[in-house]
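We use all heavy atoms of the structure for the numbers below, so side chains are in, but hydrogens, waters and symmetry mates are not. By convention in this document, chain letters (A, B, ...) are assigned in the order of the sequence lines, proteins followed by strands, and residues within each chain are numbered from 1. Just so you know, these numbers come straight off a predicted model, no measurement behind them.
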Amino acid sequence: MTDGKFLDIPKDFRKELIPVRQEQVLLSPHVLLDGDLSLEDITLVAGLDVAYSKDDKLACVSLVVVDFRTLEPVEEHFEYFQPSIPYIPSFLYYRESPGYHSVIKHLEEKPDLFLFDGNGIIHPYGIGLASQMGLELQQPTVGIAKKLLMGKYVDPLKKGGYSQIVFEEKVIGAAFQSADPPAKPIFLSQGHLINFNTMVYVIREFFQNQIFSTKLPIPLLLADKLAREKLGERE
DNA sequence: GCGACAG
DNA sequence: ATCTTGTCGC
């Protein structure tokens, strides 16, 4: 017991991460779960992801910007970097954010929304990596995870449907059935400056009139592919 | 009491 | 995340 709440901090990292936890507690109240963003305003959507070498010595971060109407990619960037800390649940931001920030610098045009592979407010202190990135960028962000970190939900019945993810009586995200059952849903959570309904509607749009059946929305699918491909060229 | 635990 | 074989379905 080192944390006092939901996720314990591994003993080896306790001393370093307790101040980090304090930072999360301090920043969490600044996360905004609303804002002006609406579907009609969205033209460019960015997807970001990180791939790791098997020995965890090298990482490749990728960024793909997609036109929300045509679903065509309009910008692609990638960057190699060295992970400075291991993966520790609830501290993913501190492992991946250096990569994200360096690749975002290459953007030629500012996207209207950023999608991250991971969580927004689905987090023991309500500030997952997508939320903290949103605070720093001061831009709308959404987190999309393939596994549930915390909360409960009932399985959406059919493809295209969703259900609320609830924790301590509060709605913290949406389980979205992006592929046909029995495939597991993907787990959406607000990062920053976006409301629940807009988040769900935006993500749902990516699966409308789809030629390929994909589990991830196009920006994240392409980012995932790019990071993997570029990492492969170096190992 | 044990185990859970984004990537 | 990454590793890893065969197998199911279009």
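- Annotation: side chain of F176(A) is not in contact with side chain of F187(A) (no heavy-atom distance under 4.5 Å).
- The one candidate from I85(A), D117(A), L129(A) that meets the side-chain contact (heavy atoms from CB on, under 4.5 Å) condition with L92(A) is L129(A).
- Taking every heavy atom of residues 183-190 of chain A and every atom of DNA chain B, no pair lies under 4.0 Å.
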Just distance, no hydrogens or angles: give the donor-acceptor pairs under 3.5 Å from side chains in residues 57-76 of chain A, sequence neighbours left out.
unit_1, atom_1, unit_2, atom_2, d
S62(A), OG, A223(A), O, 2.6
D67(A), OD1, R69(A), N, 2.7
D67(A), OD1, T70(A), N, 3.0
R69(A), NH1, I42(A), O, 2.6
R69(A), NH2, I42(A), O, 3.3
T70(A), OG1, E72(A), N, 3.2
E75(A), OE1, H77(A), NE2, 2.6
E75(A), OE1, E108(A), N, 3.1
E75(A), OE2, E108(A), N, 3.3
E75(A), OE2, E109(A), N, 3.2

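- Once you apply a 4.0 Å limit to the heavy atoms of chain A, the touched nucleotides of DNA chain C run 5' to 3' over dA1(C) to dT2(C).
- Environment of CD in Q82(A): sparse, with no more than 12 heavy atoms of neighbouring residues, nucleotides or ligands closer than 6.0 Å.
- Here side chain to side chain donor-acceptor pair (under 3.5 Å) pairs that include residues 216-232 of chain A, with residues two or more places apart or in two chains, are D224(A)-R228(A).
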Set out, in order, the CA-CA distance, both residues' side-chain angles and the distance that settles salt bridge (charged side-chain N to carboxylate O under 4.0 Å, His left out) for D8(A) and R14(A), then state yes or no. CA-CA 9 Å; D8(A) 290 345; R14(A) 179 164 71 177; over 6 Å; no
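- Put simply, the side chain of L7(A) reaches to within 4.5 Å of the side chain of R21(A), judged on heavy atoms.
- The minimum heavy-atom distance between S131(A) and Q190(A), with the atom names listed, is OG-O, 3.6 Å.
- The neighbour count for D180(A) CG, taken as heavy atoms of other residues, nucleotides or ligands under 6.0 Å away, is above 12.
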Could you summarise the pairing of DNA chain C as dot-bracket text, marking Watson-Crick and G-U pairs under 3.5 Å with ( ) or [ ] inside the strand and | across strands? ..........
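- Take D56(A) and apply the salt bridge (charged side-chain N to carboxylate O under 4.0 Å, His left out) test, not counting sequence neighbours, and it matches R95(A).
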Name the pairs: protein N/O against N/O of nucleotides 5-7 of chain B, kept only if under 3.5 Å.
unit_1, atom_1, unit_2, atom_2, d
dA6(B), OP2, Y87(A), OH, 2.3
dA6(B), O5', Y87(A), OH, 3.3
dA6(B), O4', N119(A), ND2, 3.2
dA6(B), N7, S90(A), N, 3.1
dA6(B), N6, S90(A), O, 3.3
dA6(B), N6, L92(A), N, 3.3
dA6(B), N1, L129(A), N, 3.1
dA6(B), N3, N119(A), N, 2.8
dA6(B), N3, N119(A), ND2, 3.3
dG7(B), OP1, K146(A), N, 2.7

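- Cluster partners of L157(A) are absent, since no Ile, Leu, Val, Met, Phe, Trp or Tyr has side-chain heavy atoms less than 4.5 Å from it.
- L37(A) is not listed as a side-chain neighbour of N195(A), based on a closest heavy-atom distance of 4.5 Å or more.
- Residues passing the side chain to side chain contact (heavy atoms under 4.5 Å, CB included) test with K184(A), sequence neighbours excluded: Y153(A), D155(A), K215(A).
- Stems are defined here as 3 or more consecutive Watson-Crick or G-U wobble pairs with pairing distances under 3.5 Å; none involve DNA chain B.
- Every residue two or more places apart in sequence or in another chain was checked for a ring-ring contact (aromatic ring centres under 6.0 Å, His included) with Y52(A), and none qualifies.
- When heavy atoms are screened at a 4.0 angstrom cut-off, A51(A) is found touching the sugar-phosphate backbone but no base atom.
- When hydrophobic residues (I, L, V, M, F, W, Y) are linked wherever their side-chain heavy atoms come within less than 4.5 Å, the members clustered with L193(A) are L32(A).
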